[in-house]
There are 2 protein chains.
Amino acid sequence: MATGLTPPPCSHAAAKVPVGDKHVGFLFAGCPELIGTPFSYTREEEVYGEGEDAEFVYKVVSGAVRTYKVLSDGRRQITGFHLPGDLFGFEQGEAHRHTAEALSDTKVLIFGRRQVERAANHRAEVACQLWGMAKMSLRQAQDHMLLLGRRSATERVAAFLMDVEDRLGSTGTFDLPMTRRDIADFLGLTIETVSRTMTQLEENGALLRAGGRQVTLRRSHLRRVVED
Amino acid sequence: MATGLTPPPCSHAAAKVPVGDKHVGFLFAGCPELIGTPFSYTREEEVYGEGEDAEFVYKVVSGAVRTYKVLSDGRRQITGFHLPGDLFGFEQGEAHRHTAEALSDTKVLIFGRRQVERAANHRAEVACQLWGMAKMSLRQAQDHMLLLGRRSATERVAAFLMDVEDRLGSTGTFDLPMTRRDIADFLGLTIETVSRTMTQLEENGALLRAGGRQVTLRRSHLRRVVED
DNA sequence: CGCAGTATTGAGCGGTGTCAAGTTAGGTGG
DNA sequence: CCACCTAACTTGACACCGCTCAATACTGCG
């Protein structure tokens, strides 16, 4: 399928990459020339820092990673959480424009950026896959802009919880892989507001909590909160 | 340069597309098989709507376009303004996930999405250019997330004004191509806050205004406002 | 000159942020 | 296994930034 003469349109090819599929060491399916090197990070360890040369790109195998930007006075915006199956570390340009850190002990596959670019230059199909992934990330970013610009704290938290559950593939009860601070810095809120909002959602019967991180979502209630 | 056997890495190729260059009808430099059809829209005219089949992609020749998302209750988030030289209309998937409208009378070049995708499938270089453009858009989106999530109204407006001036290639005095409502919906504010903030910036000597849309920026002052 | 759309200004309110205690959870050593 | 300790989380009181509602002024165009 990978080397067919008439591959499907780029967007289709990218859409077919199954979420969570590990591709046993490959960057994506049907690309055996791009084999990643396994690597591990411990909790809170930096994967790369803003301004560093973008030498590698990464695929999460287990654990979770946050990428963020900071202002000089410490205000932080997390632009994405990267869960198993996700790729991160692609940049427009030579240098990383984010910092990336492991949320918990995390295993990744590392791919040389140069190698990936070389493969993209030689094989249109690879470039199309990468294009599709970038468009996917862009779509997520645009959805998040709507959330940051126009949604209330309650809507943000509710949408976030449903999104994380979806991406973890969880059904029912699960543990949030990030702290309140991380959630707050992703949603453009403070930890206090996140905490209060979750309490309020629990009071409204939209979720159950146990032990800080563990939550059980009542999707029907939460969907009503988010509306649209 | 375009068809060399050892093209530069994708990111380089994309970075070399000069901002504002019209490429005389081409989607981008060195891609003569993708010739756009000129088309015009009048002020406030819809280019495409959310949910519509994504049949074309667009390159702005003159004028300006906004792309946005709306919630069911009317809250709107503009995710981007597209000025001469900019491309828009690429989607991850078959359907548009935004609405696009002309801010003023606008000329564009239209390219068939299928054709573009076919070209990308056949020529790695084309796909790399498209990948690079998507990464560029993603970078802008991520910067905007930081603005929406973590910056004050004053910082947002100041950063916005400098950005528009940069992109218009203006030096000194220029006319904002969009209304206060558009600015507000881009910055995640209300029109009143945008208006008040601009008044305040003028009082602080960070800019001069004339006739509603016309502004003259004092970049040194504005940079101090944004800080980082 | 008049009209309609656009922008500004003002007063008051409310949702989030800030600051400050408490409380809980989870890990470590006795 | 428990006591302790620290980090994470929750809760409360209050302040403030930006929103809402309302009135006024401007601008561009017929």
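Here is how names work: the chains are called A, B, and so on, in the same order as the sequence lines, proteins then strands, and each is numbered from 1. Keep in mind that this is a model prediction, so the values were computed, not measured.
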Enquirer: So, is A:R209 close to the D:dT10 phosphate, meaning a side-chain N or O under 4.0 Å from OP1 or OP2?
Expert: yes
Enquirer: Which whole-number value in Å describes the distance from A:M198 CE to D:dA8 P?
Expert: 16 Å
Enquirer: For B:T42 and B:E45, which I'm curious about, is there any donor-acceptor pair between the side chains at under 3.5 Å?
Expert: yes
Enquirer: Establish whether the base of D:dG18 is bridged to the side chain of B:R156 by a donor-acceptor pair shorter than 3.5 Å.
Expert: no
Enquirer: Mind calculating the distance between CD (B:Q200) and P (D:dC17) to the nearest angstrom?
Expert: 10 Å
Enquirer: Where do N or O atoms of nucleotides 2-6 of chain D meet protein N or O atoms at under 3.5 Å, pair by pair?
Expert:
none

Enquirer: Between A:T106 and A:S104 (side chain of the first, backbone of the second, donor and acceptor by atom type, cut-off under 3.5 Å), is there such a pair?
Expert: yes
Enquirer: Classify the nucleic acid contact of A:R75 as base, sugar-phosphate or nothing, counting any heavy atom under 4.0 Å across all strands shown.
Expert: nothing
Enquirer: Quick one: do A:R150 and B:D185 make a salt bridge, cutoff under 4.0 Å?
Expert: yes
Enquirer: Out of B:Q77, B:E101, B:R76, B:H98, which one pairs with B:Y68 under the side-chain hydrogen bond (donor to acceptor under 3.5 Å, both in side chains) rule?
Expert: B:E101
Enquirer: Please report the C-alpha distance between B:Y48 and B:F56 in whole Å, then the side-chain angles of each, then the deciding distance to 0.1 Å, and finally whether the ring pair (Phe, Tyr, Trp, His ring centres under 6.0 Å) criterion is met.
Expert: CA-CA 9 Å; B:Y48 55 78; B:F56 301 108; over 10 Å; no
Enquirer: Do you see a donor-acceptor pair shorter than 3.5 Å between the side chains of B:T199 and B:E202?
Expert: no
Enquirer: If you assign each of B:R196 and B:M178 to its closest nucleotide in DNA chain C, which residue comes earlier from the 5' end?
Expert: B:M178
Enquirer: What is the nucleic acid contact for A:T179, judged by heavy atoms within less than 4.0 Å: base, sugar-phosphate only, or nothing?
Expert: sugar-phosphate
Enquirer: Going 5' to 3' along DNA chain C, which nucleotides are the first and last within contact of chain A (any atom under 4.0 Å from a heavy atom)?
Expert: C:dT16 to C:dG26
Enquirer: Which residue, B:R180 or B:R150, contacts DNA chain C at a nucleotide closer to its 5' end, judged by nearest heavy atom?
Expert: B:R180
Enquirer: Minimum heavy-atom separation for B:Y41 to B:A102, with atom names?
Expert: CB-CB, 3.9 Å
Enquirer: Run through A:F90, A:F186, A:F88 and flag the one making a ring-ring contact (aromatic ring centres under 6.0 Å, His included) with A:H82.
Expert: A:F88
Enquirer: Donor-acceptor pair, distance only, cut-off 3.5 Å: does the side chain of B:R97 make one with the backbone of B:Q92?
Expert: yes
Enquirer: Quick one: do the A:E52 and A:H96 side chains pair a donor with an acceptor below 3.5 Å?
Expert: no
Enquirer: Give a yes/no answer on whether the side chain of A:R213 brings an N or O atom under 4.0 Å of OP1 or OP2 in D:dC9.
Expert: yes
Enquirer: Between A:D105 and A:R43, does the salt bridge (charged side-chain N to carboxylate O under 4.0 Å, His left out) criterion hold? Intermediate values first, please.
Expert: CA-CA 5 Å; A:D105 291 352; A:R43 192 172 161 283; over 6 Å; no
Enquirer: Kindly state which residues belonging to residues 185-194 of chain B come within less than 4.0 angstrom of DNA chain D, counting heavy atoms of the residue only, listed by number.
Expert: B:G188, B:L189, B:T190, B:E192, B:T193
